[in-house]
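Atom set for the values below is all heavy atoms of this structure, side chains included, hydrogens, waters and symmetry mates excluded. Keep in mind the model is a prediction, meaning the values are calculated, not measured.
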Amino acid sequence: MKFCLFLLFAGILDAVLTHFGIVSGFVEEGNPIMEFFIEKSWSYFYLIKILLPIILIGLVSLRPFKGGVRTLLVSACVLYFSVLIYHIAWILLYINTSI
């Protein structure tokens with residue numbers, strides 16, 4: 001369950017920080033699919049960023065921690081953790097260049 005909560009929190013935090021970075025002009029979206037949705041509407045971007053973790057959490061609740069679902073959940077958490085570290089790095093760079 002801890003992985004599920006982290007995944008949801010990390011997905012929302014990733015969306016907010018990405019939005020801040022793009023609007024501030026400090027970063028660009030690296031994922032062409034997400035870039036497409038951002039160009040359409042920020043609402044689509046947020047919807048996808050929140051729905052994908054919720055769908056994975058739903059899969060986990062149907063088949064709790066069995067084989068491929070558990071591997072997918074842990075992999076998603078590791079990936080989101082890496083993305084959040086990346087966000088922290090560019091925020092620190094942004095702060096240092098703003099001062």
Side-chain angles (χ1 to χ4, degrees):
M1 191 59 157
K2 292 178 188 178
F3 285 121
C4 295
L5 293 175
F6 172 79
L7 186 63
L8 186 57
F9 173 75
I12 293 169
L13 187 59
D14 173 42
V16 170
L17 292 175
T18 300
H19 188 167
F20 168 75
I22 291 172
V23 169
S24 68
F26 194 70
V27 296
E28 296 178 5
E29 178 60 54
N31 181 340
I33 296 170
M34 286 293 114
E35 186 175 12
F36 170 79
F37 287 112
I38 289 169
E39 289 173 3
K40 293 294 180 189
S41 170
W42 280 104
S43 298
Y44 293 135
F45 172 76
Y46 277 102
L47 184 66
I48 291 169
K49 284 290 197 174
I50 293 169
L51 274 180
L52 288 178
I54 289 174
I55 290 169
L56 185 54
I57 291 167
L59 287 174
V60 168
S61 68
L62 292 175
R63 300 194 68 198
F65 298 105
K66 290 190 179 179
V69 175
R70 178 178 168 78
T71 302
L72 190 58
L73 177 64
V74 172
S75 299
C77 287
V78 169
L79 183 62
Y80 264 120
F81 183 75
S82 302
V83 168
L84 292 177
I85 295 297
Y86 173 72
H87 283 308
I88 291 169
W90 64 253
I91 288 171
L92 291 175
L93 288 171
Y94 179 77
I95 290 170
N96 286 336
T97 58
S98 298
I99 297 177

Q | Val23 reachable from Leu93 in the ILVMFWY side-chain graph, under 4.5 Å edges | A | yes
Q) Can Leu13 be reached from Val83 by stepping across I, L, V, M, F, W or Y side chains whose heavy atoms are under 4.5 Å apart? A) no
Q) Phe45 vs Trp42 aromatic rings, parallel, tilted or perpendicular, using cut-offs 30° and 60°? A) perpendicular
Q) Is it the case that one hydrophobic cluster holds both Val74 and Leu56, taking links as side-chain heavy atoms less than 4.5 Å apart, direct or via other members? A) yes
Q: Report yes if some heavy atom in the side chain of Phe3 is under 4.5 Å from a heavy atom in the side chain of Ile57; otherwise report no.
A: no
(Q) Using every non-hydrogen atom in the two residues, find where Gly11 and Pro53 come nearest and quote the distance to one decimal. (A) CA-CG, 4.4 Å
Q: With sequence neighbours excluded, tell me which residues meet side-chain contact (heavy atoms from CB on, under 4.5 Å) with Ile50.
A: Ile12, Ile54
Q) Rounded to the nearest 0.5 Å, what separation is found between the CZ atom of Phe36 and the CD1 atom of Ile48? A) 9.0 Å
Q. Excluding sequence neighbours, so at least two apart, what forms side chain to side chain donor-acceptor pair (under 3.5 Å) with Trp90?
A. His87
**Q.** Hydrophobic cluster membership, Leu73 vs Leu51, 4.5 Å side-chain cutoff
**A.** no
Q. Do Tyr94 and Val27 pass the side chain to side chain contact (heavy atoms under 4.5 Å, CB included) test, and can you show the C-alpha distance, the side-chain angles, and the key distance before you say yes or no?
A. CA-CA 10 Å; Tyr94 179 77; Val27 296; over 6 Å; no
(Q) Can you list everything that forms a side-chain contact (heavy atoms from CB on, under 4.5 Å) with Ser41? Sequence neighbours excluded, please. (A) Ser43, Tyr44
Q: Answer yes or no: does atom CD1 of Ile55 have more than 12 heavy-atom neighbours from other residues, nucleotides or ligands under 6.0 Å?
A: yes
Q) Quick one: salt bridge (charged side-chain N to carboxylate O under 4.0 Å, His left out) pairs with a partner in residues 9-21, sequence neighbours left out? A) Asp14-Lys49
Q. How many angstroms lie between atom CG of Leu52 and atom CG of Leu8, to the nearest 0.5 angstrom?
A. 11.5 Å
Q: Kindly work out whether a path of hydrophobic side-chain contacts (I/L/V/M/F/W/Y, heavy atoms less than 4.5 Å apart) joins Phe20 to Ile85.
A: yes
Q: Rounded to the nearest 0.5 Å, what's the gap from CD1 on Ile22 to CD1 on Ile38? Could you check?
A: 3.5 Å
Q. What do you reckon, is CZ of Phe9 surrounded by more than 12 foreign heavy atoms closer than 6.0 Å?
A. no
Q.
Applying side chain to side chain donor-acceptor pair (under 3.5 Å), can you list everything that pairs with Tyr80, at least two apart in sequence or on another chain?
A. none
Q.
Filter on side-chain hydrogen bond (donor to acceptor under 3.5 Å, both in side chains), then keep only pairs touching residues 21-34, sequence neighbours left out; what's left?
A. none
